[in-house]
Amino acid sequence: VHRNDELPAGYRTVIAPPPVAEYLELRTRSGLSSRRKDQAEAALTGSWFAVSVVFEATGETVGMGRVIGDGGWCFHILDMAVLPEHQRRGLGDVILTMLLDRIRSEAPAGAFVNLLADPPGRALYKRHGFVETAPHSVGMALITDSLLTERAH
Ligand SMILES: CC(C)(COP(=O)(O)OP(=O)(O)OC[C@H]1O[C@@H](n2cnc3c(N)ncnc32)[C@H](O)[C@@H]1OP(=O)(O)O)[C@@H](O)C(=O)NCCC(=O)NCCS
């Protein structure tokens with residue numbers, strides 16, 4: 001199993017998600033779709049496990065990853081994000097190692113860990129043992145519309 005838990009100098013990990021404002025910014029600045037504050041608040045308190053990487057010179061959160069899961073057998077990795085100016089230094093590798101270590105240590109053996117792999121992360125995920133589920137199982141997604149009037153935010 002590939003694992004690298006050594007961050008480069010100048011960075012430290014925090015076993016928690018970033019604050020909401022930093023989370024929203026980290027997503028958009030790393031190229032992920034933007035989310036609303038109400039979505040972020042629920043997402044971060046609802047995570048099963050989350051890791052942030054802080055750049056010590058500024059105190060800014062520059063990377064993160066998190067897991068939602070049932071604690072038993074099924075876990076979904078998402079929000080793998082590192083700011084562009086901090087990418088390709090091994091931060092993503094350390095974040096993913098920590099998420100998988102936690103699943104291996106807390107969940108009963110045989111857990112099913114999945115994610116939807118955008119191109120920037122694919123090589124990283126493969127190194128950690130992820131394999132494509134297609135063609136048998138293809139990732140599918142749906143974005144809901146509220147049946148009621150959209151709440152004001
Ligand atoms: C995916 C993502 C989180 C990876 O973060 P990262 O910190 O750049 O990841 P790493 O540095 O561990 O690895 C990335 C690459 O840098 C390389 N690398 C690591 N340390 C390096 C170093 N010191 N010097 C040069 N290259 C290095 C790795 O070998 C890897 O190369 P590869 O992908 O060609 O195999 C980041 O690219 C990102 O946020 N992308 C935009 C958002 C996104 O698409 N997220 C994934 C959603 S599924």
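Atoms within each ligand, like the ligands themselves, are counted from 1 in listed order.
- For the atom pair Ile95 CD1 and Ile77 CD1, the distance stands at 11.0 Å (nearest 0.5 Å).
- Among all non-hydrogen protein atoms, the one lying nearest atom 12 (O) of ligand 1 is Asp93 N, 2.9 Å.
- Compare Lys126, Arg88, Arg122, Arg127 by their heavy atoms: the one nearest to atom 18 (N) of ligand 1 is in Arg88.
- Looking at atom 6 (P) of ligand 1, its nearest protein heavy atom turns out to be Gly92 N, 3.6 Å.
- Taking atom 39 (O) of ligand 1 as the reference point, the nearest protein heavy-atom neighbour is Val82 N, 2.8 Å.
- The aromatic ring centroids of Phe55 and Tyr11 lie less than 6.0 Å from each other.
- Formation of a donor-acceptor pair under 3.5 Å by the Thr97 side chain with backbone atoms of Arg3 is not found in this model.
- Of the listed options Gly90, Ser30, Ala117, Gly65, Gly90 places a heavy atom closest to atom 20 (N) of ligand 1.
- With no hydrogens or angles considered, no side-chain donor-acceptor pair links Ser34 and Arg27 at under 3.5 Å.
- At most 12 non-hydrogen atoms from other residues, nucleotides or ligands lie less than 6.0 angstrom from CD of Glu6.
- With hydrophobic clusters built from ILVMFWY side chains whose heavy atoms lie under 4.5 angstrom apart, Leu91 shares a cluster with Tyr125.
- With Gln87, Met80, His86 as candidates, the residue nearest to atom 46 (C) of ligand 1 on a non-hydrogen basis is Met80.
- Each of the atoms 48 (S) of ligand 1 lies under 4.0 Å from some heavy atom of Leu116.
- For atom 2 (C) of ligand 1, the nearest protein heavy atom lies 4.0 Å away or farther.
- Taking every non-hydrogen atom of Gly121 and a distance limit under 4.0 Å, the qualifying atoms of ligand 1 come out as 1 (C).
- At under 3.5 Å, not a single nitrogen or oxygen of Leu32, backbone or side chain, sits near a nitrogen or oxygen of ligand 1.
- Remark: minimum distance from atom 4 (C) of ligand 1 to any protein heavy atom is reached at Leu124 CD2, 4.2 Å.
- Looking only at distances, no side-chain donor or acceptor of Ser137 sits under 3.5 Å from a matching main-chain atom of Ala134.
- Ring-plane geometry between His128 and His2 is classed as perpendicular, the angle between the planes exceeding 60 degrees on a 0 to 90 degree scale with a lower cut at 30.
- In this structure, the protein non-hydrogen atom closest to atom 44 (O) of ligand 1 is Pro120 CG, 3.3 Å.
- Looking from atom 47 (C) of ligand 1 to the surrounding protein, the closest heavy atom is Asp118 OD2, 3.6 Å.
- Judged by the shortest distance from any of its heavy atoms, Asp79 lies outside the 4.0 Å radius around the atoms of ligand 1.
- Remark: Glu132 does not engage Arg122 in a salt bridge, criterion side-chain N to carboxylate O under 4.0 Å.
- For the pair Arg66/Pro17, no side-chain contact is recorded, criterion being any heavy-atom separation below 4.5 Å from C-beta on.
- Annotation: atom 33 (O) of ligand 1 to nearest protein heavy atom, Ala123 CB, 3.7 Å.
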